[in-house]
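All remarks here apply to the structure that follows.
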Amino acid sequence: MNQPIACEADEPVHPDAHSAPETFDAAPEPPPPAEAAEMSAGGPAVEQGLEPADSTGASSDDAGPDDASPDDASPDDVSGELAAIAFVAPATLVADAALAPADAAELAASAPEPEPDQPLFSDLGLSEPILRAIEEKGYRHPTPIQAQAIPAVLSGRDVMGVAQTGTGKTASFTLPMLDILSGSRARARMPRSLILEPTRELALQVAENFVEYGKHLKLNHALLIGGESLNDQKDALMRGVDVLIATPGRLIDLFERGGLMLTDAKLLVIDEADRMLDMGFIPDVERIVAMLPKTRQTLFFSATMAPEIRRLSDAFLDNPRMITVSKSASVATTIVAGLALVAEHDKREALRRLIRSEEVANALIFCNRKRDVDILYKSLARHGFSVGSLHGDMSQPARFATLDKFKKNELRLLVCSDVAARGIDIGGLSHVFNFDVPQHAEDYVHRIGRTGRAGLTGHAFTLCTPDDRLAVDAIEKLTGFAIPRIVVPGLDVVDWAEGDGRKRRGRGGRPAAARADAKPARARGEEAEPSKADEPAKPRGRGRGRGAAASPERPTAPREAAPVPVQEAAPVRSPTRQEQRPSPRAERSEPRPERFERAGRDRRRDDDLGPAVMGFGDDVPAFMTLPRRSHAAEAVIDELSDA
């Protein structure tokens, strides 16, 4: 019975199905072959929920009463429906074809643009041993400063590079230097290249880069920094040095001792030139440059471009290649900055609350003065924080040991001065805290540049007081954007100080307001002075002895009688003071005229004693007054002696 029903069901379906080609013929465009093949297989039609009855415009009654139940359908019914879908699907696609261009335009607009291909280190012209060392460190793409500086250095040109901290300036000159120096060997006491660094920590970091990138090359380096044995440094120079990394002070000291010669240094690198300027090393740098040969290649790198730096670059460089990756004194976009305005007495509490509220993995805390570094270090250690300190007054071994512990995550916090702000690369530093607003706006850029490096997100928070408004304005003017304000929960909200925010201190530590209030008091005192003029004048030389205690009683006596007691009382009161001091003077004054007189008599001997004394004068010894023997007497004495 099911078979006839299936046949009857096929009869109304096929005529409707034959009407589908008429709709297809009326379509403006045929469907693509791939889509037609998919529709014939029933895939997209089923996914879109297409129904043949609705698509052809036929009512549900035309399909027969038994089509409503899918359980009653036979295999022939299913095959008939699939055939109908195969013919009806193109008509539906035709209806959707009108919307395809608009949808394609929207999809094209919303799709992200493909990123341009980043350069590879292998495209920069470096040798195979250096590329192998770079690959072992996991680097493939150079930073913008590296992509521009490395080919220029390899070509032999002078380079002037300006880029913000954390952009890889160190590798931009170490990598091509290794490639250039790999061709020959150095002689004793004559380094082939020279790198000048402002601090010992930065020089040590550059030396580590040479060890890492040049491990497949037979090159050696020497480190000339303070706090190390001078004899060991001399011995290293005697063995021959390809790369000499030095601070200006120690280099000049060793040069004056005859420990090295710079006539063979054909490559000079001046790193962190703006820091050299701040630390007063520019005269030493100029003296060192004068020791080098005229025909050399000079690389000049700085994070900021002050007018003094421009003057130095013009004096040291010859037709340099200017490379400016970012705006001078700009802050990396990976750094999240914040500024908290708190009272002076709340700064330590605000710092502790920020450390506890933030997810601080490791952090640098900067202070302006070395004394404040020690104070803040003791405060944080007393509150249970894992903290160390670092400043210029520490011995060199202690500084290296503290910095090494911090790099190994043995210390969570490091309180330091600006000695650690330039060039020190601490991997994965999460936070930087400015406990004091830096005195120079450029130092702010270098401080917070210790975090947010290598594309990682960093956080930098600055604590300021109401009197720091001028310093904050200078920072915002230099960087070109306002530092977002944050509020430390639980602390009093304060506002900027009135005026320009400068701290004016008067004599004795009094503020200017206190000095202004003291002016009327001095004026009143000046008006009261004429009343003292009516009192009798005190004799000169009279001090504040016991006689001074009786002075308040003088105004009680009549004015006419006042001079009489003063003259009579003077001999009574004066001996009490003269008995203590003048009496020794009188005793000492007696021998002084004799001494002066004797000295004067010795000086004016010719005038006071007449002509000079001949021989012994009146004091002739008695034996010299005896008469002299005659020749006859001497002859008699001789005869008697012979007999």
Side-chain angles (χ1 to χ4, degrees), residues 335-391 393-394 402 405-406 409-421 426 429-441 443-444 447-448 450-452 457-476 482-499 501-503 505 509 511:
I335 299 176
V336 179
L339 180 71
L341 180 60
V342 297
E344 181 71 28
H345 59 274
D346 289 336
K347 289 182 67 176
R348 296 182 197 172
E349 180 63 24
L351 177 63
R352 291 192 292 267
R353 296 193 180 193
L354 284 175
I355 294 174
R356 293 190 181 103
S357 62
E358 293 287 329
E359 296 180 358
V360 179
N362 50 358
L364 291 176
I365 305 174
F366 288 100
C367 298
N368 288 344
R369 295 178 294 182
K370 292 174 283 190
R371 181 186 63 184
D372 295 337
V373 170
D374 292 332
I375 295 174
L376 185 59
Y377 160 71
K378 295 177 181 178
S379 175
L380 292 174
R382 190 166 52 249
H383 284 80
F385 291 96
S386 175
V387 62
S389 62
L390 183 69
H391 55 77
D393 286 348
M394 298 173 59
T402 302
K405 288 183 180 179
F406 185 72
N409 294 326
E410 297 179 7
L411 296 175
R412 183 187 177 197
L413 305 176
L414 183 62
V415 184
C416 57
S417 60
D418 287 317
V419 69
I426 301 174
L429 186 68
S430 63
H431 286 73
V432 167
F433 295 96
N434 290 317
F435 185 76
D436 295 323
V437 179
Q439 298 175 353
H440 302 284
D443 291 338
Y444 175 82
R447 285 183 179 184
I448 70 173
R450 300 307 98 208
T451 185
T457 301
H459 299 80
F461 297 102
T462 303
L463 301 178
C464 64
T465 61
D467 294 325
D468 294 330
R469 189 178 64 179
L470 283 182
V472 173
D473 291 343
I475 293 173
E476 293 179 346
I483 306 175
R485 271 45 172 184
I486 61 174
V487 177
V488 181
L491 298 181
D492 297 336
V493 179
V494 297
D495 200 356
W496 296 115
E498 297 181 359
R502 295 179 180 176
K503 297 180 181 179
R505 306 296 293 180

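The chain is numbered in sequence order, starting from 1.
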Applying side-chain hydrogen bond (donor to acceptor under 3.5 Å, both in side chains) to Arg485 and not counting sequence neighbours gives Glu476

Partner of Val415 under side chain to side chain contact (heavy atoms under 4.5 Å, CB included), picked from Ile375, Leu390, Leu380, Leu364, is Leu380

* Asked: Could you go step by step and tell me if Asp346 and Val494 meet the side chain to side chain contact (heavy atoms under 4.5 Å, CB included) rule?
  -> CA-CA 11 Å; Asp346 289 336; Val494 297; over 6 Å; no

Under the side chain to side chain contact (heavy atoms under 4.5 Å, CB included) rule, what do Asp374 and His391 come out as? Steps first, then yes or no, please.
CA-CA 9 Å; Asp374 292 332; His391 55 77; 3.2 Å; yes

CG (Asp473) and CD1 (Ile483) are apart, to the nearest 0.5 Å, by 10.0 Å

dist Ile448:CD1 -> Arg450:CZ (nearest 0.5 Å) comes out at 10.5 Å

Taken in chain and number order and not counting sequence neighbours, the residues that satisfy salt bridge (charged side-chain N to carboxylate O under 4.0 Å, His left out) with Arg348 are none

The salt bridge (charged side-chain N to carboxylate O under 4.0 Å, His left out) partners of Arg369 (sequence neighbours excluded) come to Asp372

Hits for side chain to side chain contact (heavy atoms under 4.5 Å, CB included) against Ala381, two or more places apart or cross-chain, chain-then-number order -> Val387

In short, Trp496 meets Cys464 closest at the heavy-atom pair CH2-SG, 3.7 Å

Sequence neighbours excluded, the answer for side-chain hydrogen bond (donor to acceptor under 3.5 Å, both in side chains) partners of Asp436 is Lys347

Taking every heavy atom of Thr402 against every heavy atom of Ser389, the minimum-distance pair comes out as CG2-O, 3.3 Å

On a heavy-atom basis, the closest approach of Phe385 and Ile355 is CE2-CG2, 3.7 Å

The side-chain hydrogen bond (donor to acceptor under 3.5 Å, both in side chains) partners of Glu410 (sequence neighbours excluded) come to none

Applying side-chain hydrogen bond (donor to acceptor under 3.5 Å, both in side chains) to Thr462 and not counting sequence neighbours gives Asn434

By ring pair (Phe, Tyr, Trp, His ring centres under 6.0 Å), His459 pairs with (sequence neighbours left out) His431

Checking Val472, Ile486, Asp468 against Leu339 for side chain to side chain contact (heavy atoms under 4.5 Å, CB included), the one that qualifies is Val472

**Message:** When you measure from the side chain of Asp418 to the backbone of Asn368, do you find a donor-acceptor pair of N or O atoms at a distance under 3.5 Å?
**Reply:** no

For Leu341 and Pro466, the nearest pair of non-hydrogen atoms, with its separation, is CD1-N, 3.8 Å

Residue set satisfying salt bridge (charged side-chain N to carboxylate O under 4.0 Å, His left out) with Asp393, at least two apart, ordered chain then number -> Lys370

Nearest heavy-atom approach of Phe433 to Leu354 is CE2-CB, 4.0 Å

CG of Leu351 to CZ of Arg356, rounded to nearest 0.5 Å, is 9.5 Å

The side chain to side chain contact (heavy atoms under 4.5 Å, CB included) partners of Ser430 (sequence neighbours excluded) come to Val360, Ala361, Asn362

Exercise. Between Val432 and Ile335, is any pair of side-chain heavy atoms under 4.5 Å apart?
Worked result: no

Correct closest heavy-atom pair for Ser417 and Val373 would be N-CG2, 3.9 Å

Contacts of Ala441 meeting side chain to side chain contact (heavy atoms under 4.5 Å, CB included) (sequence neighbours excluded), chain-then-number -> Ala474, Ile475, Leu478

Taken in chain and number order and not counting sequence neighbours, the residues that satisfy side chain to side chain contact (heavy atoms under 4.5 Å, CB included) with Ala350 are Val342, Leu463, Val488, Leu491

